[in-house]
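Structure, as structure tokens:
Proteins come first, then strands; the chains are lettered A, B, ... in the order of their sequence lines, and each starts at number 1. Predicted, not measured: the structure shown is a model, and the values here were computed from it.
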2 protein chains.
Amino acid sequence: MSGSGVRGTVTMHDVAAAAGVSVKTVSNVVNDYPHIRPATREKVQKAIDELGYRMNLSARSLRQGRTGIIGLALPELSLPYFAELADSVIRAAEARGVVVLIEQTGADRQHELDVLTSDRRQLTDGLIFSPLELGPDDADALKVDYPLVVLGERIFGGDWDHVTMNNVDAARAATQHLIDQGRRRIAVIGAHAGETMGSAALRVLGYQAALAANGIPLDPSLIVEGGLWHRATGAECVDHLVSTGVEFDAIFGLNDALALGALHALHARGIAVPDPVAVIGFDDIEDAAYTSPTLSSISPGREQIAQEAVDLLLARIAGGGDPYRRVIADFTVVPRESTGG
Amino acid sequence: MSGSGVRGTVTMHDVAAAAGVSVKTVSNVVNDYPHIRPATREKVQKAIDELGYRMNLSARSLRQGRTGIIGLALPELSLPYFAELADSVIRAAEARGVVVLIEQTGADRQHELDVLTSDRRQLTDGLIFSPLELGPDDADALKVDYPLVVLGERIFGGDWDHVTMNNVDAARAATQHLIDQGRRRIAVIGAHAGETMGSAALRVLGYQAALAANGIPLDPSLIVEGGLWHRATGAECVDHLVSTGVEFDAIFGLNDALALGALHALHARGIAVPDPVAVIGFDDIEDAAYTSPTLSSISPGREQIAQEAVDLLLARIAGGGDPYRRVIADFTVVPRESTGG
DNA sequence: GGTAGGCTTTACATCGTTGCAAAGACGTCC
DNA sequence: GGACGTCTTTGCAACGATGTAAAGCCTACC
């Protein structure tokens, strides 16, 4: 405990005094300024160790205009996909020496807008933003004066970096996988009517493309609306399908939560999976490997998305007016029991 | 965009100049100092609005020694219980005007120790800490000079506030629930041999108490070790049970992830739930309501825990040398299909 | 009319760090 | 021997806010 008085009490001044050098020299040592005589560096380091000096980060932030914190805005952590994404982002950030401040928007449009202009942006050097409700009309709101990386498919073409995946291709692959298992009456759950951007719209496009490529007619009654992609919604969609009496031999949940809800509802009605009804999800959350039956899904390259997002953001924070980039992460189909895999 | 130049460019000085008052008066207005003439307040507010002034939080932090950020250290967000806990903590914090910096310890002892002394503690006004690996021997490490609220059951009796639940009673209730369904050969999965503190030990105690209260003999072969409370561990525990040939008609997973893994393994072996084997978990994560069959569990009052933790922490940050408190959250048994409910 | 005392406002120093520019130290080269 | 260039170190002035203490302004009361 030598020298460690009240918290934050030891300043560079104290270290400088103890080491017999100027404050600036201490600063230089701490910041690895190259031109320091080894003997000096040693003296200073010794004083630092003895006094237990810790740099005051607020002071440094004030001086440098940087906090070392990045923001991550997402709908909510209780959605497993976003929890896992946050996990990956935090790990990636930690590996690069920054920390993460998480803000939940609750998938509320106004809240998503607020996050962009919140006072908290002061605390962060940049923001990784995963909007669910903003649309192309809100592009102006994204014209912010701090580094921004946008995740997802809702808004394009602005002055920011973008990390996304090929939703159309991935959904096509998911659908093709079902077709390969001999399914022809494939329901999609979680569609968003009227949208042309966003994961829902793009994934439905992929679904339609796969059907077309296989000469399977599109039956609109197999496309079920579902606003929030929660488990409960998935169950409701299945209830809807069953109650309308449509025939179907497979379900494509536009995300895993929907698919989990679907599994639940099918089970409750005594409909077995994968026969007569196969199910595939999207996101490949951890749960998918532990449901009964296990859930086939699309793995969106979560780690890759997180790392790319953090890298892009940090590069932007570091400066350099590189052109804004759009990174497309890889996906893979993960077959499990729910599609007979 | 009037007046909003480069980010952070508008300072109190600018506002003061525009309003024709001193910088301190601007500060007073911003901080709701009571003795300000309405006319002055109005002038200043007008200047603030026109210039788009935002307070520089780094400067305020430096001056006040507070950042408005609280830390939350937990094992990992990809464990649903902790994701949901983080969700609740962030909401509670937001309602009280502070933000949350999340650090993952990966359930690694050294990492848990590091978090307590990390440079990042400089950025936070206090810490909510949910250790998994620290034990009573590490109590000294928790003697920190910043506000600390500890969650869980691993360490007691130090100078910090504590939010926990009655693990023994809750586990007893879970076990009693199984007994009430006529079960007598109840396996417990996820036990930690040799521990006397911690959720595992306490929950096993509750389990034993329930057996004793019902005159059911304790069979050690029904207590299965399992270090990390992940889904995979739960599956392994069941595999172990089955392979040793022990007879059992119920499984008590010491948390829901274990129970989910157990459901998975039982399903894979064609053993139905709840008959012949009933399953109950602990934590009542969202998933529990959507598994097939749905999973009975113990709801630990997550919201309450989060709110109490944030309140205690903020009270401690605000000062006042109140005696350290220990809050015990309420729990409820949530019966679902996996126990025949 | 003078003054005590409360309400408003202000100037200044300060929080702990880093950028800047310049000073000092030292060796080299002509 | 002196000028020059490089390596080290330094003092000072910021960064943008707030605490302190004091000054100015009123009102009220004697």
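When the shell of 6.0 Å around CD of B:Glu42 is examined, it contains 12 or fewer heavy atoms from other residues, nucleotides or ligands.
As a whole-Å value, the separation of A:Leu123 CG from D:dG16 P is 16 Å. Distance CE (B:Met12) to P (D:dC15): 15 Å, rounded to an integer number of Å. Between the CD atom of A:Gln64 and the P atom of D:dG16 there is a distance of 14 Å, given to the nearest Å. Atom CG in B:Leu62 sits roughly 17 Å away from atom P in D:dA14 (whole-Å rounding). Nucleotide D:dA17 holds its P atom 19 Å from the CZ atom of B:Arg66, rounded to whole Å.
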Pick out the pairs of N or O atoms, protein on one side and nucleotides 12-14 of chain C on the other, that lie under 3.5 Å.
| unit_1 | atom_1 | unit_2 | atom_2 | d |
| --- | --- | --- | --- | --- |
| C:dT14 | O2 | B:Arg63 | NH1 | 2.8 |

Atom pairs under 3.5 Å, N or O on each side, protein against nucleotides 7-9 of chain D: can you list them with distances?
| unit_1 | atom_1 | unit_2 | atom_2 | d |
| --- | --- | --- | --- | --- |
| D:dT9 | OP1 | A:Thr40 | OG1 | 2.3 |
| D:dT9 | OP2 | A:Arg37 | N | 3.1 |

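Using five terminal pairs a side, the axes of the helix from C:dG1-D:dC30 to C:dC30-D:dG1 at its two ends make an angle of 60°, given in steps of 10 degrees.
Comment: A:Asp119 engages B:Arg54 in a salt bridge, judged by a side-chain N to carboxylate O separation of less than 4.0 angstrom. The residues A:Lys143 and A:Asp140 are annotated as salt-bridged, a charged nitrogen and a carboxylate oxygen being separated by less than 4.0 angstrom.
The shortest distance between the side-chain N/O atoms of A:Arg60 and the OP1/OP2 oxygens of C:dG16 is not below 4.0 Å. Residue B:Asn56 places none of its side-chain N or O atoms closer than 4.0 Å to OP1 or OP2 of D:dC15. Between B:Ser27 and D:dT18 there is a side-chain polar atom (N or O) within less than 4.0 angstrom of OP1 or OP2.
A donor-acceptor pair under 3.5 Å is absent between the side-chain atoms of B:Asp125 and the main chain of B:Ile70, judged by distance alone.
Two residues are said to be in side-chain contact when any heavy atoms from C-beta on lie closer than 4.5 Å; B:Leu116 and B:Leu127 meet this criterion. Between A:Arg60 and A:Asn31 the shortest side-chain heavy-atom distance falls below 4.5 Å.
Here the straight-line distance linking atom CZ of A:Arg121 with atom CG of A:Leu101 works out to 7.0 Å at 0.5 Å rounding.
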| request: Would you please test A:Arg91 and A:Glu303 for salt bridge (charged side-chain N to carboxylate O under 4.0 Å, His left out) and show each step? | output: CA-CA 9 Å; A:Arg91 282 178 212 275; A:Glu303 288 287 329; 5.3 Å; no

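Applying the salt bridge (charged side-chain N to carboxylate O under 4.0 Å, His left out) rule to B:Asp311 yields the partners B:Arg96; only residues at least two apart in sequence or on another chain are considered. When the salt bridge (charged side-chain N to carboxylate O under 4.0 Å, His left out) test is applied to B:Glu84, the partners found at least two apart in sequence or on another chain are B:Arg302. For A:Tyr33, the ring-ring contact (aromatic ring centres under 6.0 Å, His included) partners are A:His35, not counting sequence neighbours.
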